[in-house]
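Since this is a predicted model, take the numbers as computed values, not measurements. FYI, side chains are in, hydrogens and waters are out, and symmetry mates aren't considered; it's all heavy atoms of this structure.
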Amino acid sequence: MAARMVEVEAYIGEDDPACHAAPGPTRRNVVMYGPPGFSYVYFIYGMYHCFNIVTERKGFPAAVLVRAAEPIAGLEMMRANSPAGPDHRLLSGPGKLCRALGLTARHTGFDLTGDKLFVADDGFACGEIVITRRIGIRKGAERLFRFHLADSPAVSGRR
DNA sequence: CAGACGATGCACT
DNA sequence: GTGCATCGTCTGG
């Protein structure tokens with residue numbers, strides 16, 4: 001399966017109250033303290049998972065939450081993993097994205113420069129990027145750390 | 001070891 | 001806009 005990320009949020013450091021590293025190192029968030037470029041997938045609300053990419057130097061906990069993407073390849077598998085709906089909604093939310101791609105907490109710690117679960121540059125040149133507050137959080141909600149393509153039909157919360 | 005809570009999605013008003 | 005399912009993780013005792 002392959003998809004183009006179109007919506008992300010940044011969670012940066014122990015000083016960011018919405019960041020999972022805000023309480024300091026714990027069993028769950030340790031990977032955020034490691035080197036950048038690794039996956040961090042956590043379980044939330046008893047039924048969903050969220051996929052993150054660890055960023056910043058080793059020792060400084062930060063990550064980017066991937067909130068939405070446009071399906072590019074492996075659509076049949078994504079549909080099989082998801083309830084019925086239009087293809088452009090398959091990955092239109094952090095929980096839906098993990099469900100369609102089959103990502104769970106077991107996918108934490110993958111080297112995203114490797115060949116199993118990875119990020120690649122296909123040369124795509126995006127248009128306008130919209131910057132807003134982060135979604136679904138209480139603490140740290142005023143920070144403008146959400147970034148999404150202005151013209152993508154796959155951005156979360158759209159029809 | 002009990003209890004609170006959450007980086008969501010979906011149904012419903 | 002509101003309500004809620006459902007459970008791993010963390011906290012405090």
Side-chain angles (χ1 to χ4, degrees), chain A residues 1 3-71 74-75 77-110 112 117-119 129-150 152-159:
Chain A
M1 292 180 279
R4 168 147 30 246
M5 293 182 272
V6 298
E7 178 183 352
V8 298
E9 283 177 357
Y11 289 87
I12 312 177
E14 296 179 347
D15 291 338
D16 177 354
C19 181
H20 279 190
T26 66
R27 171 129 61 202
R28 178 174 68 159
N29 68 24
V30 274
V31 71
M32 293 181 74
Y33 286 81
F38 283 76
S39 59
Y40 169 44
V41 184
Y42 65 85
F43 187 62
I44 189 71
Y45 297 128
M47 53 176 84
Y48 298 108
H49 293 272
C50 289
F51 169 67
N52 299 254
I53 297 169
V54 174
T55 58
E56 304 300 331
R57 67 185 184 277
K58 181 180 180 186
F60 186 98
V64 166
L65 166 69
V66 181
R67 291 190 53 89
E70 294 176 12
L75 287 275
M77 197 172 300
M78 294 182 198
R79 293 188 196 108
N81 291 338
S82 311
D87 288 346
H88 70 282
R89 302 279 78 185
L90 245 17
L91 312 174
S92 65
K96 296 167 69 178
L97 181 146
C98 286
R99 181 177 56 194
L101 298 180
L103 295 172
T104 69
R106 303 175 64 86
H107 295 92
T108 286
F110 279 67
L112 298 177
L117 172 63
F118 60 90
V119 175
I129 293 177
V130 179
I131 304 177
T132 75
R133 293 147 88 102
R134 294 175 292 188
I135 305 289
I137 57 171
R138 297 159 65 92
K139 294 165 294 186
E142 72 288 348
R143 299 184 187 199
L144 301 178
F145 284 173
R146 173 171 174 253
F147 307 82
H148 69 82
L149 301 200
S152 173
V155 170
S156 67
R158 286 189 179 165
R159 284 182 304 129

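For the 3.5 Å distance criterion, the side chains of A/Glu56 and A/Tyr33 fail to qualify, holding no donor opposite an acceptor.
Around the CE atom of A/Met78, the shell of radius 6.0 Å holds more than 12 heavy atoms that belong to other residues, nucleotides or ligands.
What separates CZ of A/Phe147 from P of B/dA7 is a distance of 18 Å, to the nearest Å. Across the protein-nucleic acid pair, A/Leu65 atom CG and B/dG6 atom P stand 16 Å apart, rounded to whole Å. Separating the NZ atom of A/Lys96 from the C1' atom of B/dA7 is a distance of 16 Å, rounded to the nearest angstrom. Going from atom CD1 of A/Ile53 over to atom P of B/dA7 covers 19 Å, rounded to whole Å. A/Tyr42 has its OH atom 18 Å from the P atom of B/dC5, to the nearest Å.
Within the structure, every side-chain polar atom (N or O) of A/Arg89 is placed at least 4.0 Å from both OP1 and OP2 of B/dG9.
Listed here is the closest heavy atom pair of A/Pro153 and A/Glu70: CD-OE2, 3.8 Å.
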Would you mind writing out the side-chain donor-acceptor pairs for residues 35-53 of chain A within the sub-3.5 Å range, not counting sequence neighbours?
| unit_1 | atom_1 | unit_2 | atom_2 | d |
| --- | --- | --- | --- | --- |
| A/Ser39 | OG | A/His107 | O | 2.6 |
| A/Ser39 | OG | A/Gly109 | N | 3.2 |
| A/Ser39 | OG | A/Phe110 | N | 2.8 |
| A/Tyr40 | OH | A/His20 | ND1 | 2.7 |
| A/Asn52 | ND2 | A/Tyr40 | O | 3.1 |
| A/Asn52 | ND2 | A/Cys50 | O | 3.4 |

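At a threshold of 4.5 Å between non-hydrogen side-chain atoms, the residues A/Leu149 and A/Glu7 do not count as touching. Looking at A/Arg134 and A/Tyr11, their side chains come closer than 4.5 Å, going by heavy atoms from C-beta outward.
Under the 4.0 Å criterion applied to side-chain N and carboxylate O atoms, A/Lys139 and A/Asp16 are not assigned as salt-bridge partners.
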- Verdict with reasoning, A/Arg67 to A/Glu9, per salt bridge (Lys or Arg N to Asp or Glu O under 4.0 Å): CA-CA 7 Å; A/Arg67 291 190 53 89; A/Glu9 283 177 357; 3.8 Å; yes

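The residue among A/Arg99 and A/Met32 whose nearest nucleotide of DNA chain B lies closer to the 5′ end is A/Met32.
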- Pairing pattern in dot-bracket form [Watson-Crick, G-U; both distances under 3.5 Å; | = partner strand] for DNA chain B: ||||||.|||||.

- Note on the structure: Quick tally for nucleotides 1-13 of chain C: nucleotides whose base has a protein heavy atom under 4.0 Å get B, sugar-phosphate-only ones S, the rest -, giving ----BBBSSSS--

